[in-house]
Amino acid sequence: SFYLSDSRPWPWARCAQPQPPFPPLLRAYRAMAPPPGPLRDCSPRGESCARTLCAALADTGLKPEVLHVVGASEAELSMDFEALSQVLPPGARIVLIGPHAMGAERGACAPREEKLVGPFKCRGLQVSVFPHTYQRFLTVCHTAETPQLAVLFHPGLDIHYFAWYLCLKLWADSRTPVLITAYRRPENTGETPQVVKTLLETLVGVGSGAGMWVIEEENPHTIEEGSFNAAYFVTLGCQGALPVLAEEMYFALYQALLKLGYPFAPRVGYLDVGSESELVMATNPRLMAAVAEGAVRAAKVGEDGCDEETAAEFAMCVLDSVMGNGAGIAWRASDYTRSACKNCGDGYDDLAWHRTICPAMGLLELNTGDEVRLANLTRQEFNGREGVLGEFNSAKQRWVVNMGGRDALFKAANLEKMPAKK
């Protein structure tokens, strides 16, 4: 393992205390008891996830009482909670969050129910499940405890960068430790530990008590011939404040990964619809449009942004690099046009899936002209004030709210839509 620090101490020392002997009778009883609720019996992937998490906790000396496991699916539902109970504080709260956290198959319709299920008592831990995206969790469960550790098992940051960015920024700004693992594909195609390491180093930096904390490029708890959970990394905060928009970091990541010979071509939107074979086809017009949109947005952002035609030419180069020569021309020649959100402006292929990550979505759908009430603000004196929605400010990722002739910006999570007056 490689640990990064400087002369200043980290907020948590690497001083894991020895655990008291676990009563054999209680251990045997727990092993026999079936997992409660939607949780599954321990699987090889679930054991790999749990052992990797235990190793990261030992590396950092963290003893989190609240963990958010984000992007959870079958592997996280079948983790070795017995092993976790021996390194976490008694009664620690674990929330498994993800659209597939209730066992729904990928490619299915977007989840409809936004409800926290649980907690379930499992091996001395309190485990809850929120079968939706983290963006919806933050809006719906705004009173939930702040995580002391966020965990992402092979989240595909390179591909789903735009969908993950606001979550990564939130954790970096709040200095929430984040454990991220990498998936090594056969013959080093696609995501590799080096790609994930470079991406994270470019985003959060290295040294000076912030950024990359732990780097483990050879995870001893990997399985499936070294592909699943091939490596893990822990970050804490960021060297500098991350910009609001994901596209503002696009070129820095593009150039850093280009040095590895890796084409950075993330998709805009939640492209988890359709079969797996459709998603990876170079001729899939939805995929080409989603990748091109990210490149165009990156080329046009900021004061030095280029014009539409130059941005399109850059998008063609990106498509050619990741899908092969001719992909860019095929995209320009295609008559496929993505739908765009009328509020945030992001393109999407499925409206229901888009709403799961749209920054303009409140508890209910919000639109210009809606009457709203401020809620869930840290400054209590503002809660309850009423106003009318103007336009959604995409650059700030906030709604403009007119209150008594004055405009102010607020996140969608802090706005309650008022019933229409009869």
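For this chain, numbers begin at 1 and follow the sequence in order. Just so it is clear, the model here is predicted, and its values are computed rather than measured.
- L138 CG to H132 NE2: the interatomic distance, rounded to the nearest 0.5 Å, is 13.0 Å.
- Contact check for L245 versus Q397: side-chain heavy atoms found under the 4.5 Å cut-off.
- K396 and E391 are not joined by a salt bridge, as no carboxylate oxygen comes within less than 4.0 angstrom of a charged side-chain nitrogen.
- One finds a salt bridge joining D346 and R297 here, because a Lys/Arg side-chain nitrogen approaches an Asp/Glu carboxylate oxygen to under 4.0 Å.
- V87 approaches C54 most closely through the heavy-atom pair CG2-SG, 3.6 Å.
- L170 CG to T176 OG1: the interatomic distance, rounded to the nearest 0.5 Å, is 6.5 Å.
- Checking Y336 against N284 by side-chain atom types alone, no donor-acceptor pair falls below 3.5 Å.
- Taken from NZ in K115 to SG in C141, the straight-line distance is 11.5 Å, to the nearest 0.5 Å.
- Proximity of a side-chain donor or acceptor of Q255 to a complementary backbone N or O of A252 within less than 3.5 Å is not detected.
- Residues L366 and N343 form no side-chain contact, since every pair of their non-hydrogen atoms from C-beta on lies 4.5 Å or further apart.
- Open room surrounds NZ on K411; 12 or fewer heavy atoms of other groups in view lie less than 6.0 Å from it.
- Side-chain atoms of S334 never come within 3.5 Å of backbone atoms of P285 as a donor-acceptor pair (strictly under, hydrogens ignored).
- R93 contributes no side-chain N or O that, together with a main-chain N or O of V127, makes up a donor-acceptor pair within less than 3.5 Å.
- A donor-acceptor pair is defined here as one N or O able to donate and one able to accept, closer than 3.5 Å; such a pair exists between the side chain of R40 and the backbone of P38.
- Between F392 and W399, the distance separating the two ring centers is shorter than 6.0 angstrom.
- Looking at F120 and V117, their side chains come closer than 4.5 Å, going by heavy atoms from C-beta outward.
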TODO: Check the pair L179, L152 against side-chain contact (heavy atoms from CB on, under 4.5 Å), reporting the backbone distance first and the verdict last.
DONE: CA-CA 6 Å; L179 166 64; L152 286 69; over 6 Å; no

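- At least one donor-acceptor pair closer than 3.5 Å links the side chain of S78 to the backbone N or O of A75.
- Contact check for V234 versus D59: no side-chain heavy atoms found under the 4.5 Å cut-off.
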Open item on the list: Using side-chain contact (heavy atoms from CB on, under 4.5 Å), reason through Y134 and H68 one step at a time and then give a plain yes or no.
Closed with: CA-CA 9 Å; Y134 198 65; H68 288 176; 2.9 Å; yes

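- Judged purely by atom type and a 3.5 angstrom limit, T60 uses its side chain to pair as donor or acceptor with the backbone of A56.
- When ring centroids are compared, Y254 and F264 stay outside the 6.0 Å threshold.
- Classification of the F228-Y183 ring pair by plane angle, with boundaries at 30° and 60°, yields perpendicular.
- D320 places a side-chain N or O within 3.5 Å of a backbone atom of G328 that can act as its donor or acceptor partner.
- Closest of all the heavy-atom pairs between L203 and C238 is O-SG, 3.5 Å.
- K342 pairs by the side-chain contact (heavy atoms from CB on, under 4.5 Å) definition with E365, N367, not counting sequence neighbours.
- Across all non-hydrogen atoms, the minimal contact from I357 to A163 is CD1-CB, 4.4 Å.
- A salt bridge links R45 to E224: at least one charged side-chain nitrogen sits closer than 4.0 Å to a carboxylate oxygen.
- Between the side chains of Y232 and H221, no donor N or O sits under 3.5 Å from an acceptor N or O.
- There is a side-chain donor-acceptor pair under 3.5 Å between N229 and T181.
- Distance CG/L57 to CG/L88: 6.0 Å, rounded to 0.5 Å.
- E416 places no side-chain N or O within donor-acceptor distance of the main-chain N or O of N376, the cut-off being under 3.5 Å.
- Taking both residues in full, the closest heavy atoms of H160 and P155 are given as CD2-O, 3.9 Å, listed atom of the first, atom of the second, then distance.
- Residues A182 and H154 share a closest heavy-atom pair of C-CB, 4.3 Å.
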Open item on the list: Go through it in stages, so that I can follow the logic: the residues are L415 and R373, the test is side-chain contact (heavy atoms from CB on, under 4.5 Å), and I'd like the CA-CA distance, side-chain angles, deciding distance and then a yes or no.
Closed with: CA-CA 6 Å; L415 301 173; R373 181 183 294 114; over 6 Å; no

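- Between P89 and E65, the shortest heavy-atom distance links the atoms CG-CG, 3.9 Å.
- Looking only at atom types and distance, the side chain of E216 has no donor-acceptor partner in the side chain of N219 under 3.5 Å away.
- Ring centroid separation for the pair Y250 and Y165 does not come in under the 6.0 Å cut-off.
- Between F137 and L116, some side-chain heavy-atom pair lies under the 4.5 Å cut-off.
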Task: Verdict with reasoning, L157 to L168, per side-chain contact (heavy atoms from CB on, under 4.5 Å) - done: CA-CA 10 Å; L157 296 181; L168 296 173; 4.2 Å; yes

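- Here the side chain of S85 pairs a donor or acceptor atom with the backbone of E82 at under 3.5 angstrom.
- Between the side chain of N414 and the main chain of A375, a donor-acceptor pair closer than 3.5 Å is present.
- Counting heavy-atom neighbours within 6.0 Å of D304 CG, excluding the residue itself, gives a total of 12 or less.
- With a 4.5 Å cut-off on side-chain heavy atoms, M323 and L287 count as touching.
- Note that CZ of R338 is 10.0 Å distant from NE2 of H354, once rounded to the nearest 0.5 Å.
- Residues F233 and E217 are in side-chain contact: their nearest non-hydrogen atoms beyond the backbone lie under 4.5 Å apart.
- Taken from CZ in R286 to CG in D350, the straight-line distance is 8.5 Å, to the nearest 0.5 Å.
- A 4.5 Å side-chain heavy-atom check between L39 and L96 finds at least one atom pair inside the cut-off.
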TODO: Apply salt bridge (Lys or Arg N to Asp or Glu O under 4.0 Å) to K300 and E248, showing your working.
DONE: CA-CA 10 Å; K300 294 172 62 178; E248 295 182 73; over 6 Å; no

